[in-house]
Amino acid sequence: MGWRWVSLILILVLLAGCGSPSIISDPKKVQTLQDRDKTVITFWHTYNDKETQLLEQRLIPAFEQENSNIRVETINLAFNNELKNTLIARASSNRGPDVVRIDIAWVPEFSLKGLLEPLNGFTDFEDIRNRFNPKAMDVGFYKNEYYSLPLNIYTKAAIFNRELLEQAGYSKPPSTMKEVLEIARQHRFTIGLGGLEPWNTIPYLYSLGGTLTDKKFHKASGYLNGEGTIHAVEQLTALYKEKLIDLPKKAGDGKNLERVKAGNTLLTDDGPWFYSLLNKTELDRTLKRTIPVSFPHGNGSASIIGGENMVIMKGSKHPDEAWTFMKWMTGKEAQLIMAQTGLIPTNLEAAKAFKVTPNSYLNPFMEPAENSFQWPPVKNWSKIDKVYTDYLNRIFAGELSVKDGLDRAAAEIDVLLADSDSNQ
(Lines give C-alpha, C1' and ligand atoms only; values in the text may rest on other atoms or scores of the structure.)
Protein backbone atom coordinates (compact mmCIF):
# COMPACT_ATOMS: atom_id res chain seq x y z
CA MET A 1 0.00 0.00 0.00
CA GLY A 2 2.83 2.40 0.87
CA TRP A 3 4.54 1.63 -2.40
CA ARG A 4 1.35 2.54 -4.31
CA TRP A 5 1.13 5.92 -2.51
CA VAL A 6 4.73 6.69 -3.37
CA SER A 7 4.07 5.84 -7.03
CA LEU A 8 0.95 8.00 -7.08
CA ILE A 9 2.81 10.97 -5.59
CA LEU A 10 5.60 10.63 -8.17
CA ILE A 11 3.07 10.55 -11.02
CA LEU A 12 1.29 13.66 -9.69
CA VAL A 13 4.60 15.51 -9.40
CA LEU A 14 5.53 14.62 -12.96
CA LEU A 15 2.12 15.62 -14.28
CA ALA A 16 2.27 18.93 -12.42
CA GLY A 17 5.64 19.61 -13.97
CA CYS A 18 4.31 18.89 -17.45
CA GLY A 19 1.36 21.21 -16.96
CA SER A 20 3.32 24.24 -15.77
CA PRO A 21 5.64 26.56 -17.72
CA SER A 22 9.13 25.11 -17.93
CA ILE A 23 12.52 26.39 -18.97
CA ILE A 24 12.26 24.39 -22.18
CA SER A 25 8.87 25.91 -23.07
CA ASP A 26 10.24 29.45 -22.86
CA PRO A 27 12.32 30.26 -26.00
CA LYS A 28 14.01 33.23 -24.32
CA LYS A 29 15.17 31.03 -21.44
CA VAL A 30 16.40 28.42 -23.91
CA GLN A 31 18.32 31.21 -25.64
CA THR A 32 19.73 32.25 -22.26
CA LEU A 33 21.00 28.73 -21.63
CA GLN A 34 22.52 28.54 -25.07
CA ASP A 35 24.18 31.94 -24.64
CA ARG A 36 25.66 31.18 -21.23
CA ASP A 37 29.14 30.96 -22.76
CA LYS A 38 28.58 33.85 -25.21
CA THR A 39 29.17 37.56 -24.87
CA VAL A 40 25.97 39.49 -25.63
CA ILE A 41 26.40 42.94 -27.18
CA THR A 42 23.60 45.43 -27.78
CA PHE A 43 23.25 47.15 -31.15
CA TRP A 44 20.93 50.14 -31.52
CA HIS A 45 19.98 51.16 -35.05
CA THR A 46 17.43 53.11 -37.10
CA TYR A 47 17.13 50.87 -40.15
CA ASN A 48 13.78 50.92 -41.95
CA ASP A 49 11.62 47.80 -42.23
CA LYS A 50 13.30 46.30 -45.28
CA GLU A 51 16.79 47.09 -44.00
CA THR A 52 15.92 45.61 -40.60
CA GLN A 53 14.68 42.44 -42.29
CA LEU A 54 18.04 42.02 -44.04
CA LEU A 55 19.88 42.80 -40.81
CA GLU A 56 18.00 40.28 -38.70
CA GLN A 57 17.52 37.50 -41.23
CA ARG A 58 20.86 37.58 -43.06
CA LEU A 59 23.54 39.77 -41.51
CA ILE A 60 23.23 38.98 -37.80
CA PRO A 61 22.89 35.18 -38.31
CA ALA A 62 25.92 35.21 -40.64
CA PHE A 63 27.96 37.24 -38.14
CA GLU A 64 27.03 34.97 -35.22
CA GLN A 65 27.87 31.90 -37.25
CA GLU A 66 31.35 33.27 -37.91
CA ASN A 67 31.73 34.50 -34.32
CA SER A 68 30.21 31.75 -32.21
CA ASN A 69 31.24 33.43 -28.96
CA ILE A 70 29.19 36.59 -29.61
CA ARG A 71 25.44 37.18 -29.73
CA VAL A 72 24.06 40.49 -31.02
CA GLU A 73 20.91 41.87 -29.45
CA THR A 74 19.41 44.45 -31.82
CA ILE A 75 17.04 47.27 -30.94
CA ASN A 76 15.31 49.23 -33.73
CA LEU A 77 14.50 52.85 -32.83
CA ALA A 78 13.02 55.88 -34.55
CA PHE A 79 15.47 58.51 -35.76
CA ASN A 80 14.65 61.70 -33.86
CA ASN A 81 15.95 64.05 -31.19
CA GLU A 82 14.54 61.80 -28.48
CA LEU A 83 16.94 59.07 -29.59
CA LYS A 84 19.83 61.53 -29.58
CA ASN A 85 19.01 62.76 -26.08
CA THR A 86 18.60 59.20 -24.81
CA LEU A 87 22.02 58.22 -26.16
CA ILE A 88 23.64 61.27 -24.60
CA ALA A 89 22.05 60.59 -21.23
CA ARG A 90 22.90 56.89 -21.20
CA ALA A 91 26.48 57.29 -22.43
CA SER A 92 27.07 60.07 -19.90
CA SER A 93 26.30 57.60 -17.11
CA ASN A 94 27.98 54.59 -18.79
CA ARG A 95 24.64 52.90 -19.44
CA GLY A 96 24.65 53.12 -23.21
CA PRO A 97 24.42 50.27 -25.70
CA ASP A 98 27.65 48.72 -26.96
CA VAL A 99 27.31 49.68 -30.63
CA VAL A 100 25.14 52.27 -32.36
CA ARG A 101 24.46 53.07 -35.98
CA ILE A 102 24.56 56.83 -35.59
CA ASP A 103 23.77 59.66 -38.00
CA ILE A 104 26.95 61.15 -39.45
CA ALA A 105 25.82 64.63 -38.40
CA TRP A 106 25.85 63.53 -34.74
CA VAL A 107 29.34 62.01 -34.70
CA PRO A 108 31.38 65.23 -34.21
CA GLU A 109 29.19 66.36 -31.30
CA PHE A 110 29.29 62.95 -29.61
CA SER A 111 33.06 62.80 -30.06
CA LEU A 112 33.57 66.24 -28.50
CA LYS A 113 31.37 65.38 -25.52
CA GLY A 114 33.41 62.26 -24.80
CA LEU A 115 30.49 59.90 -25.39
CA LEU A 116 32.33 57.55 -27.75
CA GLU A 117 35.18 55.12 -27.32
CA PRO A 118 38.27 55.91 -29.46
CA LEU A 119 39.10 53.24 -32.01
CA ASN A 120 42.83 53.86 -32.51
CA GLY A 121 43.72 51.54 -29.64
CA PHE A 122 42.55 48.38 -31.40
CA THR A 123 45.60 46.58 -32.81
CA ASP A 124 44.19 46.20 -36.35
CA PHE A 125 42.68 49.69 -36.57
CA GLU A 126 45.08 50.97 -39.26
CA ASP A 127 44.24 48.02 -41.52
CA ILE A 128 40.52 48.62 -41.07
CA ARG A 129 40.90 52.36 -41.58
CA ASN A 130 42.30 51.73 -45.06
CA ARG A 131 39.00 50.21 -46.12
CA PHE A 132 37.49 53.67 -46.48
CA ASN A 133 37.98 56.96 -48.24
CA PRO A 134 39.97 59.28 -45.91
CA LYS A 135 37.25 61.94 -46.17
CA ALA A 136 34.69 59.43 -44.90
CA MET A 137 36.93 58.64 -41.93
CA ASP A 138 37.35 62.34 -41.13
CA VAL A 139 33.75 62.52 -39.90
CA GLY A 140 34.84 60.67 -36.77
CA PHE A 141 38.25 62.33 -36.33
CA TYR A 142 38.69 64.53 -33.28
CA LYS A 143 41.89 65.55 -31.47
CA ASN A 144 44.05 62.89 -33.12
CA GLU A 145 41.58 60.09 -32.38
CA TYR A 146 39.07 58.27 -34.59
CA TYR A 147 35.68 57.55 -33.08
CA SER A 148 33.63 55.97 -35.86
CA LEU A 149 33.65 53.74 -38.92
CA PRO A 150 31.63 54.75 -42.01
CA LEU A 151 28.76 52.28 -42.46
CA ASN A 152 26.65 53.61 -45.32
CA ILE A 153 25.73 56.74 -47.22
CA TYR A 154 22.71 57.69 -49.29
CA THR A 155 21.57 60.58 -51.44
CA LYS A 156 18.30 62.23 -52.31
CA ALA A 157 16.90 62.27 -55.82
CA ALA A 158 14.40 64.58 -57.48
CA ILE A 159 11.22 62.60 -58.14
CA PHE A 160 8.99 63.86 -60.99
CA ASN A 161 5.53 62.87 -62.10
CA ARG A 162 5.79 61.54 -65.66
CA GLU A 163 2.31 62.63 -66.78
CA LEU A 164 2.75 66.24 -65.68
CA LEU A 165 6.10 66.41 -67.47
CA GLU A 166 4.43 65.17 -70.66
CA GLN A 167 1.67 67.75 -70.27
CA ALA A 168 4.40 70.41 -70.14
CA GLY A 169 5.94 68.99 -73.32
CA TYR A 170 8.89 67.17 -71.72
CA SER A 171 9.87 63.57 -72.44
CA LYS A 172 12.38 63.70 -69.58
CA PRO A 173 12.97 66.04 -66.62
CA PRO A 174 14.65 69.40 -67.31
CA SER A 175 18.35 69.73 -66.64
CA THR A 176 18.19 72.85 -64.45
CA MET A 177 16.15 73.79 -61.39
CA LYS A 178 15.46 77.18 -62.92
CA GLU A 179 13.60 75.45 -65.73
CA VAL A 180 11.69 73.31 -63.23
CA LEU A 181 10.43 76.46 -61.47
CA GLU A 182 9.44 77.98 -64.80
CA ILE A 183 7.38 74.89 -65.65
CA ALA A 184 5.67 75.01 -62.26
CA ARG A 185 4.73 78.67 -62.70
CA GLN A 186 3.65 78.38 -66.34
CA HIS A 187 1.45 75.31 -65.83
CA ARG A 188 0.46 75.94 -62.21
CA PHE A 189 2.07 72.71 -61.06
CA THR A 190 3.10 72.41 -57.42
CA ILE A 191 6.46 71.41 -55.95
CA GLY A 192 6.44 69.47 -52.69
CA LEU A 193 9.09 70.37 -50.13
CA GLY A 194 9.45 68.02 -47.17
CA GLY A 195 10.05 70.97 -44.84
CA LEU A 196 12.45 73.89 -44.41
CA GLU A 197 15.26 72.01 -42.68
CA PRO A 198 18.66 71.76 -44.45
CA TRP A 199 17.96 68.14 -45.46
CA ASN A 200 14.85 69.27 -47.33
CA THR A 201 15.96 72.60 -48.81
CA ILE A 202 19.69 72.51 -49.51
CA PRO A 203 19.30 70.51 -52.75
CA TYR A 204 17.01 73.24 -54.09
CA LEU A 205 19.20 76.11 -52.88
CA TYR A 206 22.34 74.59 -54.37
CA SER A 207 20.55 73.76 -57.62
CA LEU A 208 19.56 77.42 -57.87
CA GLY A 209 23.09 78.69 -57.19
CA GLY A 210 23.02 79.13 -53.44
CA THR A 211 25.41 77.83 -50.80
CA LEU A 212 25.59 77.40 -47.02
CA THR A 213 29.23 78.03 -46.07
CA ASP A 214 32.72 78.11 -47.52
CA LYS A 215 34.14 74.73 -48.59
CA LYS A 216 35.94 74.20 -45.29
CA PHE A 217 32.85 75.02 -43.21
CA HIS A 218 34.54 77.90 -41.40
CA LYS A 219 32.21 80.76 -42.37
CA ALA A 220 28.57 81.29 -43.38
CA SER A 221 28.68 85.07 -43.93
CA GLY A 222 29.14 85.84 -47.60
CA TYR A 223 27.73 82.42 -48.50
CA LEU A 224 24.40 81.79 -46.78
CA ASN A 225 23.61 85.47 -47.18
CA GLY A 226 25.47 85.81 -50.48
CA GLU A 227 23.85 87.02 -53.66
CA GLY A 228 23.33 83.49 -55.04
CA THR A 229 21.58 82.18 -51.94
CA ILE A 230 19.42 85.28 -51.55
CA HIS A 231 18.28 84.90 -55.17
CA ALA A 232 17.57 81.19 -54.67
CA VAL A 233 15.46 81.74 -51.54
CA GLU A 234 13.62 84.61 -53.21
CA GLN A 235 12.61 82.30 -56.06
CA LEU A 236 11.33 79.66 -53.66
CA THR A 237 9.43 82.08 -51.43
CA ALA A 238 7.82 83.69 -54.50
CA LEU A 239 6.47 80.30 -55.58
CA TYR A 240 5.32 79.61 -52.03
CA LYS A 241 3.31 82.86 -51.99
CA GLU A 242 1.71 81.76 -55.27
CA LYS A 243 0.73 78.48 -53.56
CA LEU A 244 2.97 76.52 -55.93
CA ILE A 245 5.14 75.09 -53.14
CA ASP A 246 3.57 72.72 -50.63
CA LEU A 247 5.01 72.42 -47.13
CA PRO A 248 3.88 69.65 -44.79
CA LYS A 249 1.88 70.59 -41.71
CA LYS A 250 3.78 67.86 -39.91
CA ALA A 251 7.33 66.74 -40.75
CA GLY A 252 7.51 63.40 -42.51
CA ASP A 253 3.78 63.11 -43.26
CA GLY A 254 4.54 61.67 -46.73
CA LYS A 255 1.72 63.55 -48.45
CA ASN A 256 3.98 65.12 -51.09
CA LEU A 257 5.17 61.69 -52.16
CA GLU A 258 1.60 60.47 -52.51
CA ARG A 259 0.70 63.60 -54.47
CA VAL A 260 3.52 63.01 -56.94
CA LYS A 261 2.40 59.42 -57.46
CA ALA A 262 -1.20 60.57 -57.90
CA GLY A 263 -0.29 63.26 -60.43
CA ASN A 264 -1.14 66.24 -58.20
CA THR A 265 2.46 67.44 -57.75
CA LEU A 266 5.18 67.91 -60.36
CA LEU A 267 8.22 67.33 -58.16
CA THR A 268 9.30 66.25 -54.71
CA ASP A 269 12.39 64.46 -53.41
CA ASP A 270 13.34 61.54 -51.24
CA GLY A 271 15.93 58.85 -50.60
CA PRO A 272 16.01 55.41 -52.24
CA TRP A 273 13.58 54.02 -49.64
CA PHE A 274 10.78 55.79 -51.54
CA TYR A 275 11.07 52.87 -53.96
CA SER A 276 12.91 50.17 -52.01
CA LEU A 277 10.16 49.72 -49.41
CA LEU A 278 7.54 48.92 -52.06
CA ASN A 279 6.57 45.40 -53.08
CA LYS A 280 7.13 44.48 -56.73
CA THR A 281 3.58 45.26 -57.89
CA GLU A 282 3.52 48.67 -56.22
CA LEU A 283 7.09 49.41 -57.35
CA ASP A 284 6.21 48.73 -61.00
CA ARG A 285 3.11 50.94 -60.69
CA THR A 286 5.08 53.75 -59.03
CA LEU A 287 7.86 53.67 -61.63
CA LYS A 288 5.28 54.02 -64.40
CA ARG A 289 3.95 57.16 -62.73
CA THR A 290 7.19 58.74 -61.50
CA ILE A 291 10.76 59.20 -62.64
CA PRO A 292 13.70 59.72 -60.23
CA VAL A 293 16.70 61.76 -61.41
CA SER A 294 19.77 63.28 -59.81
CA PHE A 295 19.07 66.82 -58.67
CA PRO A 296 19.56 69.27 -61.53
CA HIS A 297 22.81 71.13 -60.93
CA GLY A 298 24.93 73.67 -62.71
CA ASN A 299 28.53 74.28 -61.77
CA GLY A 300 28.46 72.88 -58.23
CA SER A 301 26.89 70.46 -55.80
CA ALA A 302 23.15 69.88 -55.75
CA SER A 303 22.41 66.51 -54.22
CA ILE A 304 22.81 65.97 -50.50
CA ILE A 305 24.59 63.07 -48.83
CA GLY A 306 23.32 61.55 -45.63
CA GLY A 307 24.48 58.43 -43.90
CA GLU A 308 25.39 56.60 -40.75
CA ASN A 309 28.59 55.57 -39.00
CA MET A 310 29.13 52.85 -36.43
CA VAL A 311 30.40 53.82 -32.99
CA ILE A 312 31.19 52.18 -29.67
CA MET A 313 29.47 54.07 -26.89
CA LYS A 314 31.36 55.19 -23.81
CA GLY A 315 31.12 52.63 -21.03
CA SER A 316 30.63 49.63 -23.31
CA LYS A 317 31.16 46.50 -21.24
CA HIS A 318 32.35 44.56 -24.27
CA PRO A 319 34.46 46.86 -26.48
CA ASP A 320 36.47 44.06 -28.11
CA GLU A 321 33.35 42.20 -29.20
CA ALA A 322 31.75 45.48 -30.29
CA TRP A 323 34.83 46.19 -32.43
CA THR A 324 34.58 42.73 -33.98
CA PHE A 325 30.96 43.42 -34.94
CA MET A 326 31.78 46.86 -36.34
CA LYS A 327 34.53 45.42 -38.52
CA TRP A 328 32.20 42.74 -39.84
CA MET A 329 29.36 45.17 -40.63
CA THR A 330 31.71 47.47 -42.56
CA GLY A 331 33.21 44.56 -44.51
CA LYS A 332 32.64 44.05 -48.21
CA GLU A 333 30.12 41.19 -48.03
CA ALA A 334 27.86 42.80 -45.40
CA GLN A 335 27.82 46.12 -47.21
CA LEU A 336 26.93 44.55 -50.55
CA ILE A 337 23.95 42.81 -48.95
CA MET A 338 22.62 46.05 -47.46
CA ALA A 339 23.29 47.91 -50.71
CA GLN A 340 20.25 46.13 -52.15
CA THR A 341 18.12 48.70 -50.31
CA GLY A 342 19.92 51.71 -51.81
CA LEU A 343 22.38 52.27 -48.97
CA ILE A 344 25.63 53.07 -50.79
CA PRO A 345 28.64 51.11 -49.45
CA THR A 346 31.43 53.02 -47.78
CA ASN A 347 33.85 50.12 -48.00
CA LEU A 348 35.95 50.90 -51.10
CA GLU A 349 35.99 47.30 -52.32
CA ALA A 350 32.25 46.96 -51.87
CA ALA A 351 31.59 50.27 -53.62
CA LYS A 352 33.67 49.13 -56.58
CA ALA A 353 31.89 45.78 -56.74
CA PHE A 354 28.40 47.25 -56.37
CA LYS A 355 26.83 47.27 -59.82
CA VAL A 356 23.49 48.81 -60.68
CA THR A 357 21.73 47.96 -63.93
CA PRO A 358 21.16 50.90 -66.31
CA ASN A 359 17.39 50.77 -65.86
CA SER A 360 17.43 50.44 -62.06
CA TYR A 361 15.66 53.08 -60.00
CA LEU A 362 18.81 53.16 -57.86
CA ASN A 363 20.90 54.92 -60.54
CA PRO A 364 19.84 58.49 -59.66
CA PHE A 365 20.75 57.78 -56.04
CA MET A 366 24.34 56.93 -56.96
CA GLU A 367 25.32 60.56 -57.56
CA PRO A 368 29.09 61.04 -57.27
CA ALA A 369 30.27 62.75 -54.09
CA GLU A 370 31.74 65.65 -56.05
CA ASN A 371 28.22 66.62 -57.13
CA SER A 372 26.80 66.37 -53.63
CA PHE A 373 26.64 68.42 -50.47
CA GLN A 374 28.11 66.63 -47.47
CA TRP A 375 27.21 67.43 -43.86
CA PRO A 376 29.74 69.74 -42.19
CA PRO A 377 31.92 67.71 -39.78
CA VAL A 378 31.40 70.19 -36.96
CA LYS A 379 30.26 69.59 -33.39
CA ASN A 380 27.61 72.32 -33.47
CA TRP A 381 25.74 71.01 -36.50
CA SER A 382 22.52 70.38 -34.54
CA LYS A 383 22.48 74.03 -33.42
CA ILE A 384 23.34 75.24 -36.94
CA ASP A 385 20.49 73.13 -38.33
CA LYS A 386 18.08 74.76 -35.87
CA VAL A 387 19.22 78.32 -36.63
CA TYR A 388 18.95 77.71 -40.37
CA THR A 389 15.48 76.16 -40.06
CA ASP A 390 14.14 78.81 -37.68
CA TYR A 391 15.13 81.69 -39.95
CA LEU A 392 13.84 79.99 -43.09
CA ASN A 393 10.49 79.49 -41.34
CA ARG A 394 10.37 83.18 -40.46
CA ILE A 395 11.27 84.13 -44.04
CA PHE A 396 8.59 81.89 -45.57
CA ALA A 397 6.05 83.18 -43.03
CA GLY A 398 6.78 86.74 -44.16
CA GLU A 399 8.11 87.85 -40.77
CA LEU A 400 11.53 88.75 -42.21
CA SER A 401 12.76 89.71 -45.66
CA VAL A 402 14.96 87.14 -47.38
CA LYS A 403 18.08 89.30 -47.00
CA ASP A 404 17.44 90.21 -43.37
CA GLY A 405 16.66 86.64 -42.39
CA LEU A 406 19.73 85.21 -44.14
CA ASP A 407 21.97 87.94 -42.73
CA ARG A 408 20.88 87.09 -39.20
CA ALA A 409 21.19 83.35 -39.78
CA ALA A 410 24.69 83.70 -41.25
CA ALA A 411 25.88 85.81 -38.31
CA GLU A 412 24.63 83.29 -35.74
CA ILE A 413 26.01 80.33 -37.68
CA ASP A 414 29.43 82.04 -37.89
CA VAL A 415 29.60 81.99 -34.09
CA LEU A 416 28.68 78.31 -33.97
CA LEU A 417 31.25 77.42 -36.63
CA ALA A 418 33.97 79.39 -34.81
CA ASP A 419 33.15 77.51 -31.60
CA SER A 420 33.44 74.22 -33.51
CA ASP A 421 36.82 75.25 -34.93
CA SER A 422 38.18 76.11 -31.52
CA ASN A 423 37.67 72.54 -30.36
CA GLN A 424 39.19 70.73 -33.34
Side-chain angles (χ1 to χ4, degrees), residues 48-50 154-197 199-208 232 235-297 302-304 306 341-342 356-367 396:
N48 65 35
D49 290 345
K50 185 170 183 179
Y154 44 78
T155 61
K156 300 184 85 173
I159 301 173
F160 287 85
N161 177 272
R162 291 179 183 270
E163 184 178 348
L164 294 184
L165 281 175
E166 290 173 2
Q167 287 182 28
Y170 286 79
S171 59
K172 61 181 182 179
S175 58
T176 67
M177 185 59 66
K178 179 181 178 182
E179 197 171 358
V180 173
L181 302 190
E182 289 173 352
I183 293 172
R185 179 168 280 116
Q186 180 179 350
H187 296 275
R188 310 306 295 174
F189 294 157
T190 59
I191 294 172
L193 290 183
L196 295 177
E197 302 81 6
W199 173 252
N200 292 306
T201 52
I202 280 179
Y204 296 88
L205 294 190
Y206 276 57
S207 292
L208 291 167
Q235 292 180 76
L236 294 175
T237 53
L239 281 181
Y240 179 68
K241 290 175 182 177
E242 295 177 45
K243 301 188 183 304
L244 296 178
I245 283 183
D246 285 328
L247 290 173
K249 293 181 179 179
K250 183 180 179 181
D253 64 9
K255 290 183 179 179
N256 285 325
L257 297 169
E258 293 304 317
R259 288 171 182 151
V260 168
K261 286 196 286 186
N264 300 321
T265 295
L266 171 66
L267 164 70
T268 191
D269 58 89
D270 206 0
W273 44 83
F274 174 70
Y275 295 100
S276 67
L277 287 171
L278 303 176
N279 61 43
K280 187 179 185 308
T281 300
E282 185 59 27
L283 175 61
D284 291 341
R285 185 183 298 117
T286 301
L287 286 172
K288 287 179 181 178
R289 296 174 178 172
T290 66
I291 177 170
V293 296
S294 299
F295 258 89
H297 59 84
S303 229
I304 188 167
T341 66
V356 177
T357 60
N359 296 325
S360 172
Y361 69 82
L362 286 175
N363 267 308
F365 299 97
M366 306 300 290
E367 181 78 1
F396 271 71

If we only count heavy atoms from C-beta on, is the [X] to [Y] side-chain gap below 4.5 Å?
{"X": "Val356", "Y": "Asn363", "answer": "yes"}
{"X": "Pro174", "Y": "Leu165", "answer": "yes"}
{"X": "Thr341", "Y": "Trp273", "answer": "no"}
{"X": "Gln235", "Y": "Tyr204", "answer": "no"}
{"X": "Val260", "Y": "Leu267", "answer": "no"}

If I compare all heavy atoms of [X] with all of [Y], which pair ends up nearest, and what's the gap?
{"X": "Lys156", "Y": "Ser303", "value": "O-OG, 3.0 Å"}
{"X": "Leu208", "Y": "Lys178", "value": "CD2-N, 3.9 Å"}
{"X": "Gly271", "Y": "Phe365", "value": "C-CE2, 3.3 Å"}
{"X": "Leu362", "Y": "Pro272", "value": "CD2-CB, 4.1 Å"}
{"X": "Gly192", "Y": "Thr265", "value": "N-CG2, 3.7 Å"}

Is a side-chain N or O of [X] found less than 3.5 angstrom from the main chain of [Y], in a donor-acceptor match?
{"X": "Thr237", "Y": "Phe396", "result": "no"}
{"X": "Lys261", "Y": "Arg285", "result": "no"}
{"X": "Asn256", "Y": "Leu193", "result": "yes"}
{"X": "Ser294", "Y": "Pro364", "result": "yes"}

Quick one: pull up [atom1] in [X] and [atom2] in [Y] and give me the separation to the nearest 0.5 Å.
{"X": "Phe160", "Y": "Asp269", "atom1": "CZ", "atom2": "CG", "answer": "10.0 Å"}
{"X": "Thr190", "Y": "Asn264", "atom1": "OG1", "atom2": "CG", "answer": "7.5 Å"}
{"X": "Tyr361", "Y": "Tyr275", "atom1": "OH", "atom2": "OH", "answer": "10.0 Å"}
{"X": "Glu282", "Y": "Leu277", "atom1": "CD", "atom2": "CG", "answer": "11.5 Å"}
{"X": "Ile245", "Y": "Leu236", "atom1": "CD1", "atom2": "CG", "answer": "4.5 Å"}
{"X": "Leu244", "Y": "His187", "atom1": "CG", "atom2": "NE2", "answer": "12.0 Å"}

Under the side chain to side chain donor-acceptor pair (under 3.5 Å) test, residues paired with Asn48 that sit two or more places apart: Glu51

Atom CZ of Phe189 with >12 non-hydrogen neighbours under 6.0 angstrom: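 Correct, the count exceeds 12.
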
Within 6.0 Å of CG in Asp49, more than 12 heavy atoms from elsewhere: no

Residue list, salt bridge (charged side-chain N to carboxylate O under 4.0 Å, His left out) with Arg162, at least two apart or on another chain: none

side-chain contact (heavy atoms from CB on, under 4.5 Å) assessment of Phe295 paired with Ile304: CA-CA 9 Å; Phe295 258 89; Ile304 188 167; over 6 Å; no

Candidate pair Asn161 and Arg259, rule side-chain contact (heavy atoms from CB on, under 4.5 Å), full reasoning: CA-CA 9 Å; Asn161 177 272; Arg259 288 171 182 151; over 6 Å; no

Cationic N near anionic O, under 4.0 Å, Asp284 to Lys288: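 Salt bridge flag = no for Lys288 with Asp284.
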
Lys/Arg-Asp/Glu bridge criterion (N-O < 4.0 Å) met for Glu258, Lys255: no

Qualifying side chain to side chain donor-acceptor pair (under 3.5 Å) pairs, either residue in residues 163-172, two or more places apart: Tyr170-Glu179

